[in-house]
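Basis for what follows: all heavy atoms, side chains included, without hydrogens, waters or symmetry-related copies. Per chain, numbering begins at 1; letters A, B, ... match sequence-line order.
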Amino acid sequence: MAPHDLRRPFKRAAISDQQKRRELSLLRQEQNRRDAQQQARCLASSILSLQSPLPESEPEQSDIELETAPEIEKESGTLSKDLDVPRASKLRGPEVRKWFARQLMLPEWMIDVPDRLSQDWYVYARPAGKRCFVVSSNGTTVSRQRNGSILHHFPSALPAGAKTRDSSGSGQSYCILDCIFHELDQTYYVIDMVCWNGYSLYDCTSEFRFFWLNSKIEESAYTGVVPYVKDGLLFYNKHAHYQTGNTPLVLVWKDENCSQYVIDTDSKGEIPSQQQVVLELQDNGKLVTSDDPPVLFGYLDGDIIQKSGLHSGNLLRFAVSDGGLSFVDGKLDKADLNYLGKANRGRAFADSYSKVVFQFTVRHSPLKIDDLLASINSPDDQEKKPCDVEMVG
Amino acid sequence: MEVTQVLLNAQSIDGAVRKTAEESLKQFQEQNLPGFLLSLSVELANEEKPVETRKLAGLILKNALDAKEQHRKFELVQRWLSLDTNAKSQIKACLLKTLSSPVSDARSTASQVIAKVAGIELPQKQWPELISLLLSNVHQLPAHAKQATLETLGYMCEEVSPDVIDQDQVNKILTAVVQGMSASEGNTDVRLAATRALYNALGFAQANFSNDMERDYIMRVVCEATLSPEVRIRQAAFECLVSISSTYYEKLAPYIQDIFNITAKAVREDEEPVSLQAIEFWSSICDEEIDILEEYGSDFTGDSDIPCFYFIKQALPALVPMLLETLLKQEEDQDQDEGAWNIAMAGGTCLGLVARTVGDDIVPLVVPFIEENITKPDWRQREAATYAFGSILEGPSPEKLLSLVNVALTFMLSALTKDPNSHVKDTTAWALGRIFEFLHGSAVDSPIITQANCQQIVTVLLQSMKDTPNVAEKACGALYFLAQGYEEVGPSSPLTPFFQEIVQSLLTVTHREDAGESRLRTAAYETLNEVVRCSTDETASLVLQLVPVIMMELHNTLEGQKLSSDEREKQSELQGLLCGCLQVIIQKLGSSEPTKYVFMQYADQIMGLFLRVFACRSATVHEEAMLAIGALAYATGPDFAKYMPEFYRYLEMGLQNFEEYQVCAVTVGVVGDISRAIEEKIVPYCDGIMTQLLKNLSSNQLHRSVKPPIFSCFGDIALAVGEYFEKYLMWAMSALQSAAELSTHTAGDDELTEYTNSLRNGILEAYSGVFQGFKNSPKTQLLIPYASHILQFLDSIYIEKDMDDVVMKTAIGVLGDLADTLGSHAGSLIQQSPSSKDFLNECLSSEDLMIKESAEWAKLAISRAISV
């Protein structure tokens with residue numbers, strides 16, 4: 001027990017200039033906050049006073065709005081950025097399917113390892129099964145497949161997912177979860193969250209969505225860690241927003257250890273001897289992928305186009321011949337393609353570039369799990385740099 | 001594993017050997033924690049082992065139980081609690097056994113470890129036999145074990161809080177300790193250990209100090225110990241008196257006369273460590289009385305918990321001469337030594353506190369001393385007189401001091417240039433600063449500084465800035481207060497004619513080779529800041545000219561080549577000063593439209609410099625640069641959006657800086673500044689910001705003072721982005737709701753009440769921002785579900801009756817905002833709320849204009865909501 005230090009400040013003013021700067025800064029912020037608040041209030045007051053002679057002309061605006069508000073700004077068929085479920089729920093039949101078909105976020109295939117994999121990406125094993133939206137609203141829950149068709153209809157514990165007397169599930173509440181339906185145990189695995197209890201998570205980064213997913217998912221009916229059949233790994237970039245269509249910010253990767261479906265099969269379920277790709281025919285015989293912007297794979301001979309009566313917009317099937325795909329500076333240079341015929345009529349889109357390349361590398365020099373691990377452990381990762389503090393004995 | 005050898009190796013001078021040893025210790029710990037800790041305790045207890053390994057074993061054990069960092073500490077506590085009980089009892093047995101070791105280092109180490117274990121286990125009601133075991137030791141063992149046991153009791157009292165130990169055991173501990181202190185204890189080490197233990201045990205003695213007989217006994221033994229032949233015992237006994245003076249101030253009246261005699265003797269005759277404590281006793285009494293008198297004002301009515309006993313006033317005629325004597329005991333060059341602390345400094349500081357405690361009464365007691373000594377040939381006398389003068393300037397009324405100060409000012413200005421002694425000049429410059437600090441400015445009726453002497457004052461101070469660093473630093477300080485006194489002078493300042501010369505001189509000081517000594521450079525920049533802050537429109541063009549100058553200085557710090565860590569620290573400090581200076585300039589120029597307009601030509605370049613300042617610190621952002629950016633955002637307005645893509649990452653880093661919570665707090669404030677400046681253009685960054693803010697709120701590592709501003713920041717963002725806030729609404733509201741529940745009651749001390757009110761204010765500002773942000777949007781109905789909870793919150797804090805004025809103003813504003821945005825939906829809820837009406841009426845009749853203004857507005861909004 002050493003003697004206690006009793007030094008006091010000597011010939012020093014009580015307040016430091018730094019502390020003064022902090023305090024003056026706070027004062028200014030308070031003043032500015034007050035001004036902003038005041039401005040907002042005055043705005044209101046003037047509107048109120050303008051309207052005050054006939055206040056009855058504004059009846060219960062908020063309750064009626066859901067039913068009658070005119071929906072001019074967006075058409076149901078467009079790729080709307082915001083998911084307006086109350087409106088979508090009023091669509092019927094094919095329109096609903098069309099609408100939902102365009103709302104899923106589609107991962108690209110991982111053809112090389114992104115930078116900062118360990119810091120900027122979430123990863124989890126993708127359950128094998130059908131990708132679908134699970135939508136709860138108006139006291140019922142519906143699951144819809146990628147093409148928009150209904151998979152199941154059931155009551156759930158999600159907000160507004162079942163008819164209850166609980167007042168919290170009000171009319172405007174709804175949830176949309178991005179799920180995979182796992183046949184084996186008839187379970188929906190939530191892989192992303194689009195809306196919860198009426199709040200849109202579109203435009204939220206996945207870091208934000210997952211923050212929420214982790215803190216809230218236990219409330220839902222989908223808890224319980226059930227072992228499921230894996231189908232590859234899904235990587236989510238922390239900063240990615242939920243966006244519809246293909247995105248490079250969500251990546252899928254597979255190998256034989258974590259998926260039964262690594263190499264594409266044909267309609268009979270067998271692996272063809274040569275890789276097959278589906279490309280879209282455009283004007284001038286251009287053959288392109290479904291990416292935005294599309295990636296050019298080559299030109300189809302004018303003769304074939306004429307002979308087979310093809311026209312722009314057709315989806316065509318090709319085999320990758322012995323010449324394979326060749327790359328220069330990481331970009332596709334040449335593709336040795338052999339025309340097979342029109343694609344299956346059920347196909348809505350051509351293959352994406354990343355899918356074609358992934359399938360090609362899987363057959364030739366696959367990206368291995370070791371490559372991913374190496375990237376995570378590589379010394380380039382800033383946060384793994386050795387710390388220069390040493391233990392003192 | 002051979003623990004002894006490894007522990008020896010761990011202290012080897014050979015780095016490689018040491019490293020291997022540390023590695024294997026770490027490995028052992030990770031593989032088998034109970035085994036590891038047990039073998040350390042066995043090592044510590046083993047009399048055959050070398051003392052170095054025993055000590056190190058104990059130290060590692062101690063570090064396995066406690067850490068400075070709160071989070072780590074909590075982990076270690078949990079880890080110990082979950083350890084195998086059998087291993088723990090063996091460890092504890094070893095520790096207790098070590099207390100009777102003949103090796104004093106081993107005993108002392110064991111004492112500290114036992115206290116750490118006690119600190120963990122006693123609050124859990126574990127190790128109940130510890131205290132009785134220790135107490136039985138005190139009565140039975142040989143002296144060295146008795147000493148170690150008392151030391152252990154002392155450390156233990158330092159570790160655990162008084163409510164953990166029941167009064168019965170407290171009594172026994174105090175009895176043992178005080179007996180150990182008494183003159184009848186023949187062994188010096190035992191008596192010293194007991195005296196030091198009492199210092200820590202005093203906090204446990206509430207009940208005993210309320211009992212006259214027990215208190216008399218303790219006080220008698222402590223006072224006797226101050227007369228012990230052993231200097232360390234005297235020092236420790238005075239430390240006890242200092243602690244008693246603040247903990248049991250109200251019990252001191254019967255003893256104060258005796259204590260005065262003891263302390264006076266010690267101050268005059270004893271060795272310095274003892275006399276410093278004796279002076280500290282009186283400084284501490286001053287602290288207590290200043291607090292009491294400040295809190296209740298001069299008209300003390302007797303309804304406070306602790307009345308003022310006016311001990312200082314009563315002791316004054318004897319106390320002041322005693323303190324004046326100490327002033328003559330200066331050390332040579334004490335002003336150049338930043339760590340110096342001696343009897344003259346302690347006595348001078350105490351004299352200043354006495355002046356603040358008694359006010360006018362001190363003046364006649366000090367003036368003769370000043371007059372007698374100020375012109376003496378011995379520099380010690382001149383310096384002491386000057387110091388005495390400077391220290392009584394705060395406390396007494398200006399009227400009482402005015403004539404004295406007018407005479408002194410002329411004398412001091414002359415001394416500052418002419419006195420041959422640097423120490424005298426240092427104190428003279430300091431005393432001038434005190435004159436300007438306390439007797440100059442709009443609050444003082446008859447001005448000390450006139451047109452006649454202003455020129456001379458400035459000239460002397462600028463001249464003095466060329467003196468040795470310590471004198472120059474005091475001259476800068478004096479100029480700081482001189483400028484401050486003209487803060488509210490109106491459109492024309494007496495300093496205007498000298499503005500350019502002052503700025504020039506200050507910049508010259510910052511470039512002095514020796515500006516790193518005596519914090520001279522810092523003082524020069526701080527003074528420059530104050531000169532700018534207090535400048536008027538007359539000199540605005542000169543302040544504008546300063547912008548490129550400071551920018552160039554900052555630019556130069558960024559051009560440095562490879563720096564050593566020492567140089568880097570200095571560079572960072574300089575960058576801080578320059579950013580601070582730019583912040584002040586930006587704030588000054590941004591506050592009026594014409595100057596802001598001209599200033600904006602520099603905005604891009606300044607922002608570029610700030611970004612480079614951030615970039616050269618790898619791990620943390622610079623608080624000063626962050627503050628400056630807040631000011632810049634305010635000045636630039638919507639244009640600030642163009643800096644966001646580059647700036648955002650530093651903003652995020654700032655929000656993540658939990659360790660330097662000031663940086664985090666400042667960054668939260670800057671988020672508010674930016675929200676107001678760029679409004680909806682902040683949307684692309686909101687996900688990141690909101691995620692981080694929500695994380696911060698749920699973290700127990702972040703200093704609590706940052707949480708209220710985070711809530712206010714929610715309001716700033718909501719107001720800026722309007723209905724876009726929808727996607728954060730649920731989380732923000734749920735965080736607000738739980739915080740609201742926590743802050744309904746303020747039960748606790750003043751500090752907690754103050755914190756609770758700041759939390760309430762933050763919560764309410766958030767609600768205001770959200771309501772105003774959603775106003776006139778089709779999504780206002782999203783807020784309806786929250787209305788009743790918010791009204792309940794307002795009701796309950798109204799009923800608690802402990803809101804401060806700021807909270808009251810914000811709260812009544814929220815009531816208005818709620819009515820304004822929700823209209824008829826809120827009308828009926830407000831009518832049903834039990835206290836809204838009373839609350840509104842109370843605010844309407846408030847004398848506080850801001851509360852009244854908010855209330856008027858709320859009244860209007862509510863009446864509309866109800867009439868719909």
Selection from [options] maximising heavy-atom pairs under 4.5 Å formed with chain A:
options: B/Gly433, B/Ala631, B/Gly672; answer: B/Ala631
options: B/Pro273, B/Ser12, B/Ser283; answer: B/Ser283
options: B/Gln112, B/Gln662, B/Lys474; answer: B/Gln662
options: B/Thr349, B/Asp817, B/Leu577; answer: B/Asp817
options: B/Ile60, B/Thr427, B/Ile279; answer: B/Thr427
options: B/Ala236, B/Gly339, B/Gly348, B/Ser591; answer: B/Gly339

Considering only heavy atoms, which portion of [X] lies under 4.5 Å from any heavy atom of chain A: side chain, backbone, both, or neither?
X: B/Ala340; value: backbone
X: B/Tyr525; value: neither
X: B/Glu679; value: neither
X: B/Glu530; value: side chain
X: B/Ser111; value: neither
X: B/Glu526; value: both
X: B/Leu353; value: side chain
X: B/Phe481; value: side chain
X: B/Thr522; value: neither

| request: Go through the structure and list residues passing salt bridge (charged side-chain N to carboxylate O under 4.0 Å, His left out) with B/Lys809, not counting sequence neighbours. | output: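 Partners of B/Lys809 by the salt bridge (charged side-chain N to carboxylate O under 4.0 Å, His left out) criterion come out as none, since no residue qualifies.
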| task | Please identify each residue that fulfils salt bridge (charged side-chain N to carboxylate O under 4.0 Å, His left out) with B/Glu394, with sequence neighbours left out. | result |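 Per chain and number, B/Glu394 pairs via salt bridge (charged side-chain N to carboxylate O under 4.0 Å, His left out) with B/Arg356.
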| Between the side chains of A/Arg21 and A/Gln18, does any donor sit under 3.5 Å from an acceptor? |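 Their side chains do not contain a donor-acceptor pair, so the 3.5 Å distance test is not met.
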| Given the rule in the side chain to side chain donor-acceptor pair (under 3.5 Å) test, do B/Gln235 and B/Arg232 qualify, once you have shown the distances and angles that lead to the verdict? | CA-CA 5 Å; B/Gln235 183 183 356; B/Arg232 288 174 302 159; over 6 Å; no
| request: Pick whichever of A/Gln29, A/Arg7, A/Lys11 has the most heavy-atom pairs under 4.5 Å with chain B. | output: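 Among the listed options, the one with the most contacts to chain B is A/Lys11.
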Residues [X] and [Y] bridged, charged N to O under 4.0 Å:
X: A/Asp17; Y: B/Arg533; result: yes
X: A/Arg8; Y: B/Asp287; result: yes
X: A/Arg33; Y: B/Glu765; result: yes
X: B/Asp687; Y: B/Lys727; result: yes

| task | Give a yes or no on whether the backbone of B/Ala865 and the side-chain of B/Ser824 come within a donor-acceptor separation of less than 3.5 Å. | result |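 Side chain of B/Ser824 to backbone of B/Ala865, a donor-acceptor pair under 3.5 Å: no, none is there.
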| query | Relative to chain B, which segment of A/Leu24 carries a heavy atom at a distance below 4.5 Å: side chain, backbone, both, or neither? | reply |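 Both parts, heavy atoms under 4.5 Å.
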| task | Describe, in one word, how the ring planes of B/Trp341 and A/Phe10 are oriented to each other, choosing from parallel (under 30°), tilted (30 to 60°) and perpendicular (over 60°). | result |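 Perpendicular, since the angle between the ring planes exceeds 60°.
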| Do B/Phe238 and B/Tyr199 make the cut of ring centroids closer than 6.0 angstrom? |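 Distance test on ring centres: not under 6.0 Å, no.
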